[in-house]
Amino acid sequence: QYRPPPVSHTNFPKGFLFGSATASYQVEGAWNDTDKGESIWDHITHNNPNFIAEQQNGDIADDSFHKFKEDIRIMKDIGFKSYRFSISWPRVLPTGKVADGYSKTGLNYYTELIDELLANGIEPLVTLYHWDLPQALQEERGGWLNPNISDYFADYADFMFSKFAPKVKYWITINEPLSIVNGYGDDARAPALKELHGIGEYVAGHNLLLAHSKAYKLYQDKYSHNLGKISMAFCGSYCAPASDSVEDIEAAERCYQFTFGWFIHPVLKGDYHPLLRSIIDENSQWEGRKTSRLPYFSQQEIDQLKGSADFLGLNYYTMLLAKPGLAGLDPSDQRDSRVVTLWDPSWKPTVASWLRVAPEGLRMLLNKVKNDYGNPEVLITENGYPDDGSDPLNDTERINYYETHFAAIRQAIYEDGCNVVGHTSWSLMDNFEWRDGYKAKFGIFSVDFNSPNRTRTMKKSAYWLKNYIAMHDYL
Ligand code: GBH
């Protein structure tokens, strides 16, 4: 195989963690294998089928529970160095609580998955929570609204660390807290408690942050000799000002602080960014409330949160232009931010209404976190392009997406000095895309959902990535 010599900035740094990503509910299937507990996504898809496009669900999904060895073979063939997957909490702990006992088959599945990855030279990047909460915990005082949930999560994290800390070097406690809270103030996802808007999302977000910081502390206290690194996977659409007016520049900053910043700021600095604190306190007061809709941390909680990430996991798909204005339910986090957003006409639309192709936003985001937080290590934990699969294998737009986003990353690294150490493309294969069912396809492998075998087939983008990684990998 021909390998051109490393040329600084057409290249990637040595050891760059190219990989791909999935999540348990979206790919595993085997929803009731042996003693697995029900998750909130099992529950909502079974009890409210119209919640999902074409009444689909993740009962079988990609059947990765049975096909993980084949999945690892295809990853290895592409040349991926890492695989980001998530652990289904109720598969391991059927009721969500360690005290109630664990599932041997559930634990065994992840043991085999991790061992098979390591045997093939692929680094496991493990997410502990990618949205499939045990239904039993949702029913006990409202899931992420429950003041006890952060302790349950920490117990679960402790259990997983105790099993896998020696084997796993990158841990992500929680995927996209910003998306999770949408289930507690909007009906964008399970448990779809829209009626709590303006309050539920802040309470859930608060408990997610506490859960994360407790898991982080536990790792440092009991498992840090394994030298693993822990973070969250943060998300948002990166906001640039709609014009260079002061108002628009301020709106873009509010937009950032109400999305990425809502969670990154407390994790790094210990408490909510002053913009969130002051705006939500003010709005709450104006609404005649005695207490702020945004909860307060105690001093001890602040101390524990502060610095609770060894790197930043960033999920980047798209960007927005921001200007001042009011949008969203009254009240809601979106409305509190006092931002309205628009698209630049040059950004190409995709089948997902929220996603237009704007690679420059990724470079801006990387520079933002470099400048605001002292150039932390960054792993791009998700990045990808959706289509409708009408020409399933001929996905040239996805190739264009990855090519331009990789270029943005190289510029961020070599021209701007950002510390990016890896990229896991979303996704290894087409899968259950939440409310869009199987209609929106993000995979570099296509999956035949009509065949019981769930046959995986390389798309053009997979061939392209394979070649790209070979050309850019000088390990
Ligand atoms: C990621 O979320 C998820 O982590 C992953 O599981 C998922 O498959 C992947 O993206 C692709 O969607 O209210 O209609 O404007 C991406 C984050 C998705 C969060 C879209 C905000 C807004 C939808 N975002 N969502 S809408």
Side-chain angles (χ1 to χ4, degrees), residues 20-28 39-41 51-53 56 58 61-62 64 84-88 125 127-133 172-190 192 194 197 201 205 208 232-239 255 258-260 262-263 313-320 327-329 332-335 337 339-343 349-357 361-362 365 379-388 398 401 405 424-444 447:
S20 63
T22 63
S24 46
Y25 187 72
Q26 296 178 273
V27 301
E28 283 178 0
S39 78
I40 56 174
W41 280 91
F51 188 64
I52 311 291
Q56 289 290 354
D62 295 0
S64 275
R84 175 173 179 239
F85 65 93
S86 79
I87 290 173
S88 161
L125 314 180
T127 303
L128 290 174
Y129 184 73
H130 197 126
W131 309 358
D132 41 0
L133 187 75
I172 287 153
T173 55
I174 290 161
N175 179 67
E176 297 192 348
L178 182 70
S179 296
I180 297 167
V181 303
N182 273 333
Y184 292 87
D186 205 339
D187 56 6
R189 53 203 106 238
K194 188 173 182 172
H197 61 87
E201 61 269 48
L208 285 158
M232 271 184 163
F234 303 95
C235 74
S237 297
Y238 184 77
C239 291
C255 183
F258 271 84
T259 52
F260 287 99
W262 180 350
F263 299 97
L314 298 178
N315 294 355
Y316 178 85
Y317 288 90
T318 193
M319 71 181 293
L320 295 166
L329 299 167
S332 64
D333 56 311
Q334 196 192 355
R335 201 173 184 85
S337 74
V339 172
V340 292
T341 59
L342 42 144
W343 303 104
T350 68
V351 296
S353 60
W354 57 276
L355 201 168
R356 296 200 182 188
V357 181
L362 176 53
L365 172 64
L379 238 171
I380 296 164
T381 34
E382 283 180 35
N383 177 229
Y385 180 90
D387 62 34
D388 62 6
R398 181 169 294 106
Y401 185 92
H405 285 74
T424 50
S425 49
W426 186 272
S427 174
L428 177 66
M429 54 196 161
D430 296 341
N431 58 48
F432 179 80
E433 178 53 23
W434 309 112
R435 291 200 71 173
D436 291 333
Y438 296 96
K439 282 174 62 186
K441 298 174 189 301
F442 280 86
I444 60 161
V447 175

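Numbering starts at 1 and runs along the sequence shown. Counting starts at 1 for both ligands and their atoms, in listed order.
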Can you tell me which residue and heavy atom of the protein come closest to atom 3 (C) of ligand 1, and the distance to 0.1 Å?
Glu382 OE1, 3.3 Å

Residue, atom and distance of the protein heavy atom nearest atom 21 (C) of ligand 1 read Arg189 NH2, 4.0 Å

So is there a nitrogen or oxygen of [X] less than 3.5 Å from a nitrogen or oxygen in ligand 1?
| X | answer |
| --- | --- |
| Trp354 | no |
| Glu433 | yes |
| His130 | yes |
| Trp131 | no |

Check: Gly328 main-chain N/O paired with Arg335 side-chain donor or acceptor under 3.5 Å
yes

Check whether any protein heavy atom sits under 4.0 Å from atom 10 (O) of ligand 1.
yes

Would you mind reporting whether [Y] and [X] have side-chain heavy atoms less than 4.5 Å apart?
| X | Y | value |
| --- | --- | --- |
| Ser237 | Met319 | no |
| Ile380 | His405 | no |
| Leu178 | Phe234 | no |

Note: Thr381 and Ala21 closest approach over all heavy atoms is O-CB, 3.8 Å

Below 6.0 angstrom between ring centroids: does that apply to Phe432 and Tyr25?
yes

So that I know where these two stand, are Tyr317 and Trp354 an aromatic pair - ring centroids less than 6.0 Å apart?
yes

Quick check on Ser179 - does any of its heavy atoms sit under 4.0 Å from an atom of ligand 1?
yes

Enumerate the atoms of ligand 1 whose separation from the nearest heavy atom of Gln26 is less than 4.0 angstrom.
5 (C), 6 (O), 7 (C), 8 (O)

Against heavy atoms of Glu176, which atoms of ligand 1 measure under 4.0 Å?
1 (C), 2 (O), 3 (C), 4 (O), 16 (C), 17 (C)

Where on Asn175 is there a heavy atom closer than 4.0 Å to ligand 1, on the side chain, on the backbone, on both, or on neither?
side chain

Looking just at side-chain N and O atoms, do Ser86 and Ser24 make a donor-acceptor pair shorter than 3.5 Å?
yes

